[in-house]
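Let me begin by presenting the structure, written as structure tokens, before commenting on it.
Position 1 is the first residue of the sequence; numbering continues from there.
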Amino acid sequence: MSCSLVEFCRFQDIRAVRDFLFPLLREESDGKLANWEEDDWGAWNETDTKEPEEEESTQKPSRDYWLQDCVLSLSPTNDLMVIAREQKAVFLVPKWKTSEKGKEEIQYAVGWSGSLNAEDGECVSSSLCIPLASQKRSSTGRPDWTCIVIGFTSGCVRFYTENGVLLLAQLLNEDPVLQLKCRTYEIPRHPGVTEQHEELSILYPAAIVTIDGFSLFQSLRACRNQVARASGNENIQPPPLAYKKWGLLDVDTIVDHASVGIMALSPFDQMKTASVLGGFNASVKSSPPAMSQYITVGANPFTGFFYALEGSTQPLLSHVALAVASKLTSALFNAASGWLGWKSKHEEEPVQKQKPKVEPATPLAVRFGLPDSRRHGESICLSPCNTLAAVTDDFGRVLLLDVGRGLAIRMWKGYRDAQVGWIQMTEDLHERETEKVTFSPLGTPQGPCRVAQFLVIYAPRRGIMEVWSTQQGPRVGAFNVGKHCRLLYPGYKIMGLNNVTSQGWHPQTYQICLVDPVSGSVKTINVPFHLALSDKKSERAKDMHLVKKLASLLKVKTLNHEVLEAEVKEVLLDIKYPATKKQALESILASDRLLLSSLTNITQTLTDTLKSQDLESVDEGLLQLCAHKLKLLHLYASVNKLNSLGAQLDASLSDNELAKILRLDEREFEKLQTLLRNYKQQTTRANVQFADDKDCILPVKTFLDYLECEQETIHVKKIGDDELVVLGRFFFWKCLCGECCADDICQTLESAGLSPQLLLSLLLNVWLSKEREVLDKLQSICCLYTILSLLSEMKVAIDETWDIQSVSPWWQQMRTACIQSENSGASLLSAHIGHSVAVNVANKMAEKKFPESVSIPDTETLTDSWEALSLDMEHWKLLLKQLEDCLILQTLLHSRVSRKNAGVLPVQAEALCKLSVKKLLEGGKGGVADSVAKWVFKQDFSPALLKMAQQRKDPENSEDSLQIGDVLLQDPEAQMAVEGILVLLNLAYQQFPCSLQLDVLHAHCCWEYVVQWNKDPEEAHFLLRSVEHLKYIINAHVQFGIALMMWNTFIVKRFSAAAYLMEKVGKAPKDRLCRRDVGMSDTAMTSFLGCCCDLFQILMEADIHCDEMQAPLLDTEDVWMSVEGPTSIVEIALEQKHIHYPLVEHHSVLSSMLYGIMRFSLKSVKPLTLFDNKGKNAFFKDLSSIQLLPSGDMDPNLVCLRQQFLLKVVSAAVHVQHQAQNPSSAAEETPAVLAGKDLDWPALAVEVAQHLQVNEDVIRRHFVCELYSYGIDHLGEEAILQVHDKEVLASQLLVLTGQRLSYALLHTQTKEGMELLARLPPTLCTWLKAMDPQDLKNTEVSIGTTGKLVDKVIELLPENHGQYGLALHLIEAVEAMSPS
């Protein structure tokens, strides 16, 4: 094992963090994207494209190296990361997310981001994430919460929660905070080591402040509780902070520091120090004093050592300034101020008025240092055991200091801007060699745990990270990591523990990590302990060297396998450690270079070597591993040898012989062959399959990976289904093909220790997976029968004490496999074979139990024997019937019709899931119908085809063409495919008379189509087809329930959105608005509203017919009575509540109005305005609720608006009708006509007028006038019959006649017209001149047609009418104008 760089976390969106902290980088990167959002893109020339590239190249380093300019800190428990810059900060928390590859991984997500509570001009200079221990006894070792400590350039230190809530702020010195460091409690490794207390140290340019950890812990808990209570008026004063402040003297510049902690001098060092400081006559105390040691790095001296005597000064008590008055003003207000960029005046004024008192520092002089006037220190990092420290300088050196002696003991060169950290590893006692174990008085036979320290150096300029063994050890690892990373080394763990509470805590902490902003990953380093040992003293290092040598040997390609075997054997025997030897043996067995004989020889040699040694020194686990691997190798060799014989043992059998094996008569076997033939034909057409390798080759290493030994038996590991098929194929496929002796294989496998149950599972796996080969060669039935019989005769297969009147676990295992398999053809065949073998086995057991039945052929004993088999046989018969049904259904679902001219949507092109008996049993009562409905949707069959399949008993009687979807199939090939589908569908109806009842099937098809439409509302065809299936439902109760469910689940939200959108825009909305508010295009919304009209009509008719018929009884086939699962759609439909009929009628009127607006693109119409307040409030409510609806006489103004709307609809409908008859006369673009038959809009307008209290006769008269205005006189004559007030209509038609004659006489300006006009009576001339022909929609009408209109007017007008004489004059004028 060697050093490894392991990724343990990733950033969810590191770019968002960068853009928040560096807005300029965000503007530069998004500048080009912003241009795409502008309306005027401008001209793109060469100069425009070159400038951004140059700018990007100059800014590339700053984009990659932005993390170097940030203050970064990570909690040692990996539960929080802080990235800060200037006055902004981002708190990142780890969360489990699904990666792009579908794997679960930890990702850092933004937990809080915003501006910190900083004063003007101050910026973040240092930060720490300190996890605080939980005080609960039930704690599992995770921290209770994590406190974020941030130091500012103003000297203020602020403490925050994970949510960015400010807990407290302290100003202990007015100089900028240079560095924050923390020390937490560690259990002393040796009795002589001084116990260190927890503390937080704050470095200033000329002072160090150390805050007692216990005092800080209590204060933070109190402040957090205050925030949790959020009591703004009641401030509970937390305990004061106990701290010490030392003024560092005799030092020019301080950049970083390390607080070593309390140390006690040895007697010799005590006397030496006293002599140096006090001279020859200095007095020496009897006990050495305790001192706190501090080390600083900077300039003059380069490294300074300070010692503060314990008890020489009393700790200072700081008044804790509560920074939060309430939860609202802290969390919400600070977050808002951070994002919006403004601060509260209420926060600024108290800070300015009440400046905290700053205590003076206690002077502390430097005792000694490393004087180097030219060298300037940059950072110092203390080792975990406080004995060593790594220092970096501006010369690109890394120095290793001995903290106790104050000496530099090692130096590394060429590491400019280096970042350093430490890793401490503990020896695993179980890895020591067992041969050299000696008794140790310390309690463990292997001796105490040894600890090794490694120094990690990251050189950003070289983009390399190295791991060095200390003190004088070599480099043990190096990684290329890039030039833009940050190395994080917290140097502490969890605060709040002591020598009692830390005993049961084992928190998972990270000693060091590397943050890569480019790849967005966070990595840690794993260093094995043995790398700290020298090669001369480390047997483990020698073993690892041999393992590497062995790996290189196994990679070399060689033709001399004997030489390779000898070299591998020699290396393996030279390895000392049992664990390493086990690892080497596993790598040998996993190699592809060695032959089977070599693997066997190597394993046998190692086994013999171990047995020849002393039993006490031999590792039992290794010896057992060798024995197990040898057993598996011998088994592999035996099976491989039998498979390689290639003997042809079976001969082809006739159909009668196969039927006899399956215990079927001729008719049953012929039916089985027909079903399998149809199934094979459809599955072969549906799926593309590739030829498999017939040699059944399984590599040795794969075989060893799949199997494991346990005592005398062999088990299969937890592997996937594909691996089980591969293993079963290796064992049984040659036997199933008749190329190997089944008896020999079964005997070999049984003697090796494989259980019959395991062999049965492997056999069925390979049989069911090889369905295509099995169906191609039915002769394999005999082979499976033979193998299954041999397995059933094994000792532990069927228990001899088993009562044959109960269910056999052996056969139940086989039935379960058939039930779960999705290969229906192979499952049905295996079930028939299993049933036949089960009968034979049961008969033999009955003969053993009743031997007299063999000698005395008595019919009663034979009957008793069959009665004893009845329970297990009933399970077989039930399974065979279920598998037959499943096979027929699967055959139907695989069938399809290829439509060459019709496009197939991607949703309909997706393959259906395969069925199994288990899926049908768990699919509920509607599972079968739901599967067929999905197939109908994929094929887009019309509802008529489903009905046709049930009515057609004879497939020979077919029509000329069959409708599938909206395509008429005239292709003979497609026609034959439809004929076959009709036969399969009819067979499915016979097999499932209850589950595939037509009403049930149409209900599921309707629901499937509307579900698919809801996923993609743009496909209006799906909703049209759903409504079409709904109309085919005969039973009103089912039809009513499905329609109501469609409305409540899918329709009402989009319907209300469409109504409100039209009300808002006051016209038919454009495509963009429809997509935004309703989620579909304007064309799709028009079709949607038309379907809503049909849906309401179906709902009202079904509600009426429910009183005339009974609800259906939903039965289930006897074979499928045990079905369980979700409730059927039909069952849910039958449970729907009754509707309030007037409310549905009210919605139906609105749907007709909305459909008319969209169909004809009407303008200046607000549909909801046409209803009063009661009518508006009743819309879109539950249709089963009682709502207040409009009643009584309506406001005349509202009725007038309704009448105008209906007249608009009628005019638009006639206009579309005229354009349909005269396509060339269309002068402007008209709305697209929907697929299918359009509505009778005039009749619908009259019907709606009844509900809107509008005079229907006005609508009818307007319709007649519009027809004559467009020159459609023949339809106008028919429409006149519907008008009641013929006299008013005659007056309106008289005006139309006058407009036609006025256009013919006055606007054509012909000579004949002028002469005729002069001969007309003056009254008529005056009247004609008053007419405006521009109101006519069609002026190209013949005089003869106009004459018929005048005759119709004379017929409708009474003689005493005031305009009757004028009509008579019109007759004369028309006769005069008519050509002779």
Sub-4.5 Å side-chain heavy-atom contact between L248 and I208
yes
Might you point out which heavy atoms bring Y185 and L497 nearest each other, and give the distance in Å?
CB-O, 3.6 Å
For D79 and T77, test the side chains for any donor-to-acceptor distance below 3.5 angstrom and give the result as yes or no.
yes
How far apart are the C-alpha atoms of F306 and W246, what are their side-chain angles, what is the distance that settles it, and do they pass the side chain to side chain contact (heavy atoms under 4.5 Å, CB included) test?
CA-CA 10 Å; F306 298 83; W246 304 98; over 6 Å; no
Verify, without hydrogens or angle tests, whether S126 (side chain) and G151 (backbone) share a donor-acceptor contact under 3.5 angstrom.
no
Within the 4.5 Å heavy-atom criterion, are V110 and V17 side-chain neighbours or not?
yes
CZ (F214) with more than 12 external heavy atoms under 6.0 Å
no
Checking the side chain of T524 only, and the main-chain atoms of I512 only, is there a donor and an acceptor separated by less than 3.5 Å?
yes
What closest approach, in Å, do A133 and I494 show between heavy atoms, and which atom pair accounts for it?
N-CG2, 3.6 Å
Test side chain to side chain contact (heavy atoms under 4.5 Å, CB included) on V358 and K245 and set out the steps.
CA-CA 11 Å; V358 179; K245 184 175 181 181; 3.4 Å; yes
Kindly compute the distance separating CD (Q170) from SG (C156), expressed to the nearest 0.5 Å.
8.0 Å
Looking only at non-hydrogen atoms, find the nearest pair between I130 and V149 and report the distance.
CD1-CG2, 3.9 Å
Taking the side chain from D212 and the backbone from A242, do they hold a donor-acceptor pair closer than 3.5 Å?
no
Is it the case that the side chain of Q419 and the backbone of V456 share a donor-acceptor pair, with hydrogens and angles ignored and the cut-off at 3.5 Å?
no
Mind checking the CH2-CG spacing from W412 to L400? Nearest 0.5 Å is all I need.
4.5 Å
Over-ring placement of R462 relative to Y415, 6.0 Å and 45° cut-offs
yes
Quick one: does R85's side chain have a donor or acceptor within less than 3.5 Å of a partner on L21's backbone?
yes
Is T146 reaching over with its side chain to a backbone N or O of C129, donor-acceptor style, under 3.5 angstrom?
no
Whether F91 and W112 hold their rings parallel, tilted or perpendicular, with breakpoints at 30° and 60°:
tilted
Does the side chain of W422 pick up a donor-acceptor pair with the side chain of Q424 at under 3.5 Å?
no
Close side-chain approach of P76 to P131, heavy-atom, < 4.5 Å:
yes
Taking the side chain as everything from C-beta on, heavy atoms only, tell me whether K181 gets closer than 4.5 Å to H257.
yes
If we only count heavy atoms from C-beta on, is the S201 to R183 side-chain gap below 4.5 Å?
no
Hey, what do you get for CD (E186) to CD (E198), rounding to the nearest 0.5 Å?
10.0 Å
Side chains of E162 and V93 in contact at under 4.5 Å (non-hydrogen atoms):
no
Where does the angle between the aromatic ring planes of F22 and W66 fall among parallel (under 30°), tilted (30 to 60°) and perpendicular (over 60°)?
perpendicular
Look at the side chain of Y108 and the backbone N and O of C9, then say whether any donor-acceptor pair between them is shorter than 3.5 Å.
no
Could you measure the distance from the CG atom of L116 to the CZ atom of R158? Nearest 0.5 Å is fine.
8.0 Å
Between E199 and K244, is the closest basic N to carboxylate O distance under 4.0 Å?
no
How long is the straight-line distance from CG of L180 back to OG of S125, given to the nearest 0.5 Å?
7.0 Å
Please set out all donor-acceptor pairs under 3.5 angstrom arising from side-chain atoms of residues 480-489, sequence neighbours excluded.
residue: R486; atom: NH1; partner: L67; partner atom: O; Å: 2.8
residue: R486; atom: NH1; partner: C70; partner atom: O; Å: 3.0

Flag, side chain of R221 to backbone of L132, donor-acceptor distance under 3.5 Å
no
Rounded distance (nearest 0.5 Å) linking atom CG of L455 with atom SG of C381
8.0 Å
D516 meets the salt bridge (charged side-chain N to carboxylate O under 4.0 Å, His left out) criterion, sequence neighbours left out, with none
What I'd like to find out is whether the side chain of T161 reaches to under 4.5 Å of the side chain of I148, using heavy atoms alone.
no
If we only count heavy atoms from C-beta on, is the M495 to L220 side-chain gap below 4.5 Å?
no
Has K493 got a side-chain atom pairing as donor or acceptor with T184's backbone, closer than 3.5 angstrom?
no
Would you say D393's side chain and F395's backbone share a donor-acceptor pair under 3.5 angstrom?
yes
